[in-house]
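Counting starts at 1 for both ligands and their atoms, in listed order.
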Amino acid sequence: MAFLSGASANEEITLYTHRHYESDQALFEQFEKETGIDVKVVKASADSLMERLKAEGGNTPADVLITADAGRLHKAKEQGLLQPVESEVLIERIPANLRDPDNNWFGFTERARIIAYAKDRVKPEELSTYEALAEPQWRGRVLARSSSNIYNQSLLASIIAADGEKEAYKWASGVRKNMARPPQGSDRDQMRAVAAGLGDVAIVNTYYLGLLLNSDNPKDKKVGESLGVFFPNQKGRGTHINISGAGVVANASNPDGGKRFLEFLASDQAQESFPESSYEYPAVEGIQWSPLLESWGQFKQDDLSLSELGALNAEAIRVFNRAGWE
Ligand SMILES: [Fe+2]
């Protein structure tokens with residue numbers, strides 16, 4: 001068996017990701033081309049990837065964890081699953097509120113948790129804040145998913161941060177009373193329920209509306225077309241945003257390759273691809289949005305440091321439970 005002189009196994013990194021976009025694959029290939037580092041991808045649900053990282057400990061093949069929601073990334077950090085990455089590129093490119101203060105994780109895309117409303121039944125002037133959805137005029141009209149979902153936990157954490165626990169409790173129990181049905185299903189299911197006339201407004205992440213509007217399923221496309229986008233709290237702290245982000249795994253065998261991958265995700269090229277491919281907002285400022293994101297309009301973001309969402313996660317879960325939001 002002959003080996004070419006100087007040839008060696010290619011350097012590689014292994015990604016644990018729960019993102020399910022085909023476009024991510026194209027990005028990974030681009031990274032391979034640019035760096036010569038082979039990318040191996042392991043896909044599973046966010047929770048099972050975290051469990052796996054914990055169970056594998058020092059034997060994990062993973063170098064990078066990619067997952068959504070700062071609350072979840074914070075949890076990964078608390079569990080010792082990530083390590084700090086010292087990178088001037090990341091510090092310069094990623095806004096401070098979208099990354100861990102100790103550099104264990106960085107946000108690469110943003111999503112806003114908005115109010116999607118039935119255009120034929122609701123005027124945007126009737127909407128104002130998340131808080132206002134707890135008012136009696138919305139009785140029987142609100143759709144929202146379960147409180148076991150991290151997106152709602154992070155939204156409530158942001159309300160705790162802004163209004164305090166007492167007001168957050170009042171909000172959660174008020175919205176629960178206003179629901180058109182007990183919480184169930186995904187963000188997309190909430191919008192389908194609004195389109196079906198079950199209720200009038202739904203609390204959802206922006207990219208899910210993008211997914212509906214670009215769906216191959218004509219029914220879903222129609223659901224998307226029947227809905228308007230409302231960015232809450234524009235006159236106050238701004239709309240709650242969250243991230244999809246990544247960090248280098250604590251027991252990574254190729255932490256330098258992992259760091260290069262994170263820097264690649266912050267590059268113009270990667271950032272420009274997200275609005276088109278997954279209907280997410282780029283985390284890096286000054287990157288061109290897609291026509292769809294432009295059509296939803298510019299909006300003021302709540303600039304709360306997203307690490308706070310993780311810090312307040314347990315409290316948010318307690319408040320949901322007390323409020324009876326299943
Ligand atoms: Fe999602």
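Taking the side chain to side chain donor-acceptor pair (under 3.5 Å) definition, one finds that Arg121 meets it with Asp200, sequence neighbours left out.
Taking the six-membered ring where the residue is Trp, the centroids of Trp289 and Tyr281 are separated by under 6.0 Å.
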Give the table of side-chain donor-acceptor pairs shorter than 3.5 Å for residues 306-313, with sequence neighbours excluded, one pair per line with atom names and distance.
| unit_1 | atom_1 | unit_2 | atom_2 | d |
| --- | --- | --- | --- | --- |
| Ser307 | OG | Ser305 | OG | 3.2 |
| Asn313 | ND2 | Gln153 | OE1 | 2.9 |

Show me the side-chain donor-acceptor pairs of residues 318-326 shorter than 3.5 Å, one per line, residues at least two apart or across chains.
| unit_1 | atom_1 | unit_2 | atom_2 | d |
| --- | --- | --- | --- | --- |
| Asn321 | ND2 | Ile317 | O | 3.4 |
| Arg322 | NH2 | Glu165 | OE2 | 3.0 |
| Trp325 | NE1 | Arg145 | O | 3.0 |
| Glu326 | OE1 | Arg176 | NE | 2.6 |
| Glu326 | OE1 | Arg176 | NH2 | 3.4 |
| Glu326 | OE2 | Arg176 | NH2 | 2.9 |

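Near-neighbour remark for the Fe ion (ligand 1): protein N, O or S atoms under 2.8 Å are Tyr151 OH, Tyr207 OH, Tyr208 OH; waters not counted.
Judged purely by atom type and a 3.5 angstrom limit, Gln271 uses its side chain to pair as donor or acceptor with the backbone of Leu265.
In this structure, a donor-acceptor pair under 3.5 Å is absent between the side chains of Asp303 and Asn97.
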